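Not measured: the values here are computed from a predicted model. Numbers restart at 1 for each chain; the letters A, B, ... are given by sequence-line order, proteins then strands. Atoms considered below: every heavy atom in the structure, side chains included; atoms not considered: hydrogens, waters and symmetry mates.
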Amino acid sequence: MSVKVFVGNLPFGVTDEKLKEEFGRFGSVESARVVTDKHTGRSRGYGFVEFADQVAADAAIQGMNAQPMEGRNLTVSAAKSQANERP
DNA sequence: GTTGAGCGTT
């Protein structure tokens, strides 16, 4: 299973590859995707990062949350889409 | 050429 993490307040110059590289420093990133507008095709300023382990996701959240990137402080937290919180 | 709250695509 993978852990999804919500990343907000991203600079407009960031991309999925950039996210994967930045978040890959804390752990194994299975996939990283920046949400882009469907109508304009431009980045909305937030994205999602999928980690291979909860430990890596927590390390990234603790290490990248409220951290400045490209001049903007990132907002990293657990994604809502995870569900399955408690059976 | 622009902007800034928000949880996406199969």
Checklist entry - Can you tell me how far C1' of B/dT9 sits from CG of A/Asp37, to the nearest Å? => result 14 Å

Item to check | Closest contact, heavy atoms only, A/Lys20 versus A/Glu30 | outcome: NZ-O, 4.3 Å

Checklist entry - For the side chain of A/Val35, counting heavy atoms from C-beta on, which of B/dG8, B/dT3, B/dG6 is nearest? => result B/dG8

Checklist entry - Between atom CZ in A/Arg33 and atom P in B/dT10, what is the gap in whole Å? => result 8 Å

Checklist entry - If you check the A/Phe48 side chain, which of B/dG8, B/dG4, B/dG6 turns out closest? => result B/dG8

Checklist entry - Looking only at heavy atoms, which two atoms of A/Gly27 and A/Ala56 are closest? And how far apart? => result CA-CB, 3.8 Å

Checklist entry - Nearest heavy-atom pair of A/Leu74 and A/Pro11: which atoms, and what distance? => result CD2-CD, 3.9 Å

Next on the checklist: Using modelled atom types and a 3.5 Å cut-off, is there a donor and acceptor pairing between side-chain atoms of A/Asn9 and backbone atoms of A/Asn73?
Outcome noted: yes

Checklist entry - For A/Phe6 and B/dG8, what is the distance between atoms CZ and P respectively, to the nearest whole Å? => result 9 Å

Item to check | DNA chain B: 5'-proximal contact among A/Ala32 and A/Pro11 (nearest heavy atom) | outcome: A/Pro11

Checklist outcome for this item: Against the side chain of A/Lys80, the closest entry in B/dC7, B/dG8, B/dG4 is B/dC7

Checklist entry - Should B/dG6 be called syn or anti, with syn set as within 90° of 0? => result syn

Item to check | Spacing between A/Lys4 atom NZ and B/dC7 atom C1', to the nearest angstrom | outcome: 10 Å

Checklist entry - In whole angstroms, how far is the P atom of B/dT3 from the CD atom of A/Glu70? => result 17 Å

Item to check | A/Arg44 and A/Asp37: CA distance, side-chain angles, deciding distance, salt bridge (charged side-chain N to carboxylate O under 4.0 Å, His left out) verdict | outcome: CA-CA 6 Å; A/Arg44 281 189 175 178; A/Asp37 191 273; 3.3 Å; yes

Checklist entry - In whole angstrom, what separates A/Asn73's CG from B/dA5's C1'? => result 13 Å

Checklist outcome for this item: Between A/Arg42 and A/Ser77, the residue closer to the 5' end of DNA chain B by nearest nucleotide is A/Arg42

Checklist entry - How close or far is atom P of B/dG6 from atom CZ of A/Arg44, stated in whole angstroms? => result 12 Å

Checklist entry - Planes under 30° and centres closer than 5.5 Å, is that true for A/Tyr46 with the base of B/dA5? => result no

Checklist outcome for this item: A/Asp16 atom CG is separated from B/dT9 atom P, nearest whole Å, by 12 Å

